[in-house]
Amino acid sequence: MEPSLETLRDLHRRMLRIRLFEEAAGRLFEGNKMPGFLHLYVGQEAVASGVCVAMREDDQVSSTHRGHGHLVAKGGDLSKMMAELMGKADGYCNGKGGSMHICDLDLNMLGANGIVGGGAPIAVGAGFANKYRGNDTVSVAFFGDGSTNIGAFHEATNMAAALQLPVLFVCENNEYGEYTPRHKVMAINDVVDRAAGYGIPGVIVDGMDAIAVYEAAMEGLARARAGDGPTFIEAKTYRYYNHHGVQTLGMKYRTDEEVEEWKKKDCIEAFEKRVTEAGLITADELASTRADIQAEVDAAVEFGENSPMPDVSTLLTDVYTEMA
Amino acid sequence: MEPSLETLRDLHRRMLRIRLFEEAAGRLFEGNKMPGFLHLYVGQEAVASGVCVAMREDDQVSSTHRGHGHLVAKGGDLSKMMAELMGKADGYCNGKGGSMHICDLDLNMLGANGIVGGGAPIAVGAGFANKYRGNDTVSVAFFGDGSTNIGAFHEATNMAAALQLPVLFVCENNEYGEYTPRHKVMAINDVVDRAAGYGIPGVIVDGMDAIAVYEAAMEGLARARAGDGPTFIEAKTYRYYNHHGVQTLGMKYRTDEEVEEWKKKDCIEAFEKRVTEAGLITADELASTRADIQAEVDAAVEFGENSPMPDVSTLLTDVYTEMA
Amino acid sequence: MSATETAPAGTAAADPGERELTYLGAFNEAMFQLMRQDEDIFVAGEDVGVQGGVFGSFKGLAEEFGDRRCVDTPIAEQAIVGLGIGAAVAGLRPVVDLMFMDFVMVAMDQIANQAAKLKYMFGGKAELPLTITTNGGAGLSAAAQHSQSLEAMLCHVPGLKVVMPSSPYDLKGLMVACVRDNNPTIIVKNKRMFGSTGPVPEELYEIPLGVANVVREGADITVVAYGRMVEESAKAAKRLSEEQGIECEIVDPRTVQPLDTETIVASAKKTNRIVVVHEAVRFGGLGAEIAAQVQEEAFDYLDAPVGRIAAPFSPIPFSPGLEGHYVPNAKRISAGILETLGRPVPGA
Amino acid sequence: MSATETAPAGTAAADPGERELTYLGAFNEAMFQLMRQDEDIFVAGEDVGVQGGVFGSFKGLAEEFGDRRCVDTPIAEQAIVGLGIGAAVAGLRPVVDLMFMDFVMVAMDQIANQAAKLKYMFGGKAELPLTITTNGGAGLSAAAQHSQSLEAMLCHVPGLKVVMPSSPYDLKGLMVACVRDNNPTIIVKNKRMFGSTGPVPEELYEIPLGVANVVREGADITVVAYGRMVEESAKAAKRLSEEQGIECEIVDPRTVQPLDTETIVASAKKTNRIVVVHEAVRFGGLGAEIAAQVQEEAFDYLDAPVGRIAAPFSPIPFSPGLEGHYVPNAKRISAGILETLGRPVPGA
Ligand SMILES: Cc1ncc(C[n+]2csc(CCOP(=O)(O)OP(=O)(O)O)c2C)c(N)n1
Ligand SMILES: Cc1ncc(C[n+]2csc(CCOP(=O)(O)OP(=O)(O)O)c2C)c(N)n1
Ligand SMILES: [Mg+2]
Ligand SMILES: [Mg+2]
């Protein structure tokens, strides 16, 4: 299960693509160039990246309000993403969806979701289709700690367990749901304690460690592919920015010290330190990867800025599929 | 915790009141004298009785579609119940609710419920009110095994756990939800496996043994009264009749042998055998209790039959409370 | 292989013919024929497998198609609809069942916030060939939570199609259209019609969604009715014709979303008077939308206000003694028609 | 001690006076004053405690009333509403918050099948002094799942009262009425009005539910509008008056259930022309019900069909480039008014 060098490079690339994309989006949001809500994924990159590197391309993903990270990790086109976040015509959803509904069905990323808990049942449906077809494709549901308190999560997880569907449940436990700490809204120490109630294996993993996430995901995916049903992974992680927007410090619901403590465990820094110290990837290579990705992000921003607003004539299209 | 003789008499009385009431209702239903759906509780009497004997009068109950047993156990007036089941004007709900919405707020029985999972949040709200007022009243949510798969159950249980509310959750596991066996819809052996996922204590009890149920309920109620939050009790039990109506045998979804096996453990027969053999209550006394209750039930049937249909003028009343 | 590709040519409304089926039988036959034709179709819901549905809608399917294609699920309406959405996005053609229409409320988020909006939110990139089947309507003493007609809520949600068949023939043909449609559709059987019989062709035919059916022609007044109210309206029309020589034109929109406004308005322009009949509560019901549209489109043709005959403003009572006065019936429909015609209403 | 008993005499609409508050500030003040007056009132919902609500509606309450009376809950809309129902049945006077009106769908069963019907199903024996607060409306690029106006769905459910305040003054007075009402009420703030200011009396006053407000008098046409559409309609009316001498009468029903049909119809009878404006989707929206009622009650008074100015039939788009054309505004309202008046519409 030791990840290959190629896998390590891949993990690094994906984390960095998320980070740099998100930082750029945050700056645009601050500069009022991005309408609506913006739920940044920064801090949690190791989770989406670790899982998506472990996945096959045909494996599906359902996501949440904090969905950019999952789409980037699944290979999303940064230009189309940036354009979508700006509400532009060339965005993934032609400006109709925005941050909370961004998706790429060709990449099997079945969409971010504005409703907490709304995405999990959809992953279960995709898992059902995979089993139905008898292929060994797996679907992955990403969701937050807070979302495990809502009914749709419970129904979806139990459904997948009861029907033994090939689904991987990945809980990104960042210890908060908006402005409410987890201990106020659940009386358990670890979210993974819920897995036993569905009769599925559960595992805790360090969500700041992409390699650990990758390995746990590989196991869960293999179990699902083998027909042994769902697995629940709890990744302990943290979001650096506020629930929404780019404020980081000075908030009532969490201390600045807590934020700083978590930042010391930054998934990208830790990863870079590890691979360079182990002599697996050189600092030069890491820097050049970063530069490449920054260029890609800059181009995405430019693409988004240059893309026009959607034409009013599209307002009422895409409501229904026309039947022949 | 050994139940007193008074308690034993009470358990017996309540079980028998349910049984004889339900059998009479079943006969009326067969004779087409009872409109709508009828979900009989027969077989499960030890659960409602054991819990309700352990409860105080001010403790509240929320119930399910299979709710007659809970109301009888809470002390419901059989005449008003029978009239309600017949849709008559003198019924508990003046004929507006019927079997699935029967209630007696004066007895703190907050209603049967036609929606699976619909009742649990209401018990949680009552529990909230108890804690808010600082009294030591407890609310009890009764629900079936099948209902633990629905979102409302999950949200309610977690809410009670998170807020440490004085609520007792009583799952009546009769191994079926309508026509579907439990193993098809949950991948766990015991429903109580779910309790740990909410961080609350869970206990399995023989639901055919009223004394065992009583003792488990006493503990759970005491814990709640002491401010230590909810408890989850799984009572293993069985319904003798079909999900709805009075057919017992010859069904596709369960074998006749299974039904007969369970009937051998009948909660009332076992109880009567036990108390007479222990010399605690005489067979004569049991018989005379039975005769008294049968007379009460017969009177209830007569009351129901003699009660008029509700007057049409009441069709549109009770939609809103008029404000002064 | 999609159902649409394999559909036999000329699936438009076949000749009803001689053979009679019950309403439920017509539905069941549609399921069998659709599932035989298209491997991508499956059904999932509570008790749909071994039991064949609590009302028997899916009887025999598990025997023929096994538990792979006829799936008993947990009691979990949100996940049942979600299962359908996910499977549809992944390319299957799911039929998911909600036992009672009232349970639409339990799954409302998945229906209205997810299924209905997915395609639009995704900029058109998703196809959602999902069919939700359910059972609505009052009259069985099933009380307030098992008797509702909630189509008005669903019609208000762009992205859904809502279908309310009024006969065995329509039920089969419309069910076929729903399953073949690449949009989320909800088809509502009426619980009191399960045993109603009528002619149903044996072959697989499709009745297009969004096309009203003129059930009865008449010059004096238009009666728009759907679901079980068509049959009650027909009774009223027959009596009014026989007893008073009043000729009603009954228009059954069959699908209430999309609504065939054109046919309704054309009829109103012809008769100059129109009433709408439905089982749902009057306030905010579909009758309001139809009344609003008709007065917009045919203002100068109307000799009287558009009438509405519907359930009054209360939850549905349990007692037959009350429920009988709650649901519109032929008598109340007649009264409403006479009122709109400005004629004396007997007993009023 | 119930709120109703302790209400100061003469709580009917106080004189607005001089002091200005924001829309959100008016709501917040109502909460403080109500909670100070009645120990039985508490608020529960997501982030209502420490954070004071994501929009600040409940700011400061946790500091004054503690976490006993200002309760942060799990993300669990069904249980949040259920908590309110159970607590209300047990005699408290709960205020429960759903962060966005769109989430009504998630809790629809508890709202429409439980809270709304409990009293009736129980033969009148339950009192349910439950207030649900939420935030609706589009225009913030919050996209299809965070922008909806779903009042038409709620109005169709007997047993609920639905309130849509259009100003800081109304918001405070109507919120007080909601909390004091012994029925389940839903009060919908409009997200785009949070910062709008207006005069608000300092004392606790109550605006009765079910009573419309004639915001502007005028002889030429009636404009029924509620929520943020009142302000847009007022802009349109001002311009039409100044530029074309057209005098609009603006009627704000304030509560859409119960609906003050009487005031609306009286105005229509006076002006002979009427349009309804709302943010919700036109098909099946409240405009349909109002149009239906007006043509029923004032058929002979109408010189033109009742007009409807509303959102078109699609989910709500994210992009400002589209959303700006989705939500009705003063310009579209003017055009609708001119059309109903039979006058030329500029640019049409
Ligand atoms: C049904 C529903 N309720 C509430 C919200 C508002 N909301 C959006 S994100 C969020 C917190 C989610 O917490 P968690 O699942 O832990 O995810 P995180 O934001 O931490 O990534 C809430 C309450 C929503 N979008 N949907
Ligand atoms: C939301 C909802 N879904 C489905 C039903 C139909 N239904 C009524 S009872 C029942 C089975 C409930 O099973 P369980 O909770 O085990 O209770 P039991 O009937 O065994 O007492 C079902 C599916 C319902 N009433 N409500
Ligand atoms: Mg979180
Ligand atoms: Mg059961």
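Remember, it's a predicted structure, so these values are computed and weren't measured experimentally. Computed over heavy atoms, backbone and side chain alike; hydrogens, waters and symmetry mates excluded. Per chain, numbering begins at 1; letters A, B, ... match sequence-line order.
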Over all atoms of both residues, closest heavy-atom pair of [X] and [Y]:
| X | Y | answer |
| --- | --- | --- |
| Ala87(C) | Ala129(A) | CA-CB, 4.1 Å |
| Tyr320(A) | Leu160(C) | OH-O, 2.5 Å |
| Ala79(C) | Glu155(A) | N-OE1, 3.0 Å |
| Ala152(A) | Gln78(C) | CB-OE1, 3.5 Å |

Note to self: Go through it in stages, so that I can follow the logic: the residues are Asn94(A) and Lys125(C), the test is side chain to side chain contact (heavy atoms under 4.5 Å, CB included), and I'd like the CA-CA distance, side-chain angles, deciding distance and then a yes or no.
What the structure shows: CA-CA 10 Å; Asn94(A) 309 126; Lys125(C) 288 174 190 85; 3.5 Å; yes

Margin query: I'd like to verify something: which residue of Ile122(A), Ile102(A), Asp106(A), Asp104(A) has the highest number of heavy-atom pairs under 4.5 Å with chain C?
Written below: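 Ranked by contacts with chain C, first place is Ile122(A).
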
Check: Using a cut-off of under 4.5 Å for heavy-atom pairs, which of Gly118(A), Ala156(A), Ala162(A) has the most such pairs with chain C?
Finding: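 Winner by heavy-atom pair count: Gly118(A).
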
Next item on the list: Could you check which of Arg69(C), Glu77(C), Lys161(C), Met121(C) has the highest count of heavy-atom pairs closer than 4.5 Å to chain A?
Entry: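 Max contact count across the listed options: Met121(C).
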
Next item on the list: Against chain A, work out which of Asp109(C), Leu209(C), Leu118(C), Leu128(C) has the most heavy-atom pairs shorter than 4.5 Å and name it.
Entry: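 Most pairs with chain A among the choices: Asp109(C).
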
For [X], which atoms come within 4.5 Å of any heavy atom of chain C: side chain, backbone, both, or neither?
| X | value |
| --- | --- |
| Asn130(A) | neither |
| Ile150(A) | neither |
| Leu163(A) | side chain |
| Thr317(A) | backbone |

Note to self: I'd like to know whether Arg68(C) forms a side chain to side chain contact (heavy atoms under 4.5 Å, CB included) with Tyr132(A), so could you lay out the CA-CA distance, the side-chain angles of the two residues, the decisive distance to 0.1 Å, and finally the verdict.
What the structure shows: CA-CA 7 Å; Arg68(C) 172 171 165 269; Tyr132(A) 189 88; 3.4 Å; yes

Item checked: Residues, nucleotides or ligands: over 12 heavy atoms within 6.0 Å of Glu64(C) CD ->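 Count over threshold, so yes.
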
Note to self: Atom CD of residue position Glu57(A) - does it have more than 12 heavy atoms of other residues, nucleotides or ligands inside 6.0 Å?
What the structure shows: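 Not more than 12 within 6.0 Å, no.
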
Region of [X] that comes under 4.5 Å of a non-hydrogen atom in chain A:
| X | answer |
| --- | --- |
| Ala88(C) | neither |
| Asp67(C) | neither |
| Ile80(C) | both |

Item checked: Aromatic centroids of Tyr92(A) and Phe122(C) separated by under 6.0 Å ->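 Not close enough - the centres of the two rings lie 6.0 Å or further apart.
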
Note to self: Contact between Phe128(A) and Val71(C) at the side-chain level, heavy atoms closer than 4.5 Å - yes or no?
What the structure shows: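 The answer is yes, as the side chains (C-beta and beyond) meet within the 4.5 Å cut-off.
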
Next item on the list: Side-chain contact test, heavy atoms from C-beta onward, threshold under 4.5 Å: evaluate it for Val319(A) versus Lys119(C) and give yes or no.
Entry: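 No, side chains not in contact.
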
Check: Val89(C) and Gln60(A): side chain to side chain contact (heavy atoms under 4.5 Å, CB included), yes or no, with the steps?
Finding: CA-CA 11 Å; Val89(C) 171; Gln60(A) 302 102 337; over 6 Å; no

Next item on the list: Please round to the nearest 0.5 Å and tell me the distance separating atom CE of Met159(A) and atom CG of Leu83(C).
Entry: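 Separation between the atoms: 5.5 Å.
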
Check: Distance from Leu105(A) atom CG to Glu127(C) atom CD, nearest 0.5 Å?
Finding: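 Spacing of CG (Leu105(A)) from CD (Glu127(C)) equals 10.0 Å.
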
Checklist line | Evaluation steps, side chain to side chain contact (heavy atoms under 4.5 Å, CB included), between Ile115(A) and Gln114(C) | finding: CA-CA 9 Å; Ile115(A) 302 291; Gln114(C) 310 292 342; 3.5 Å; yes

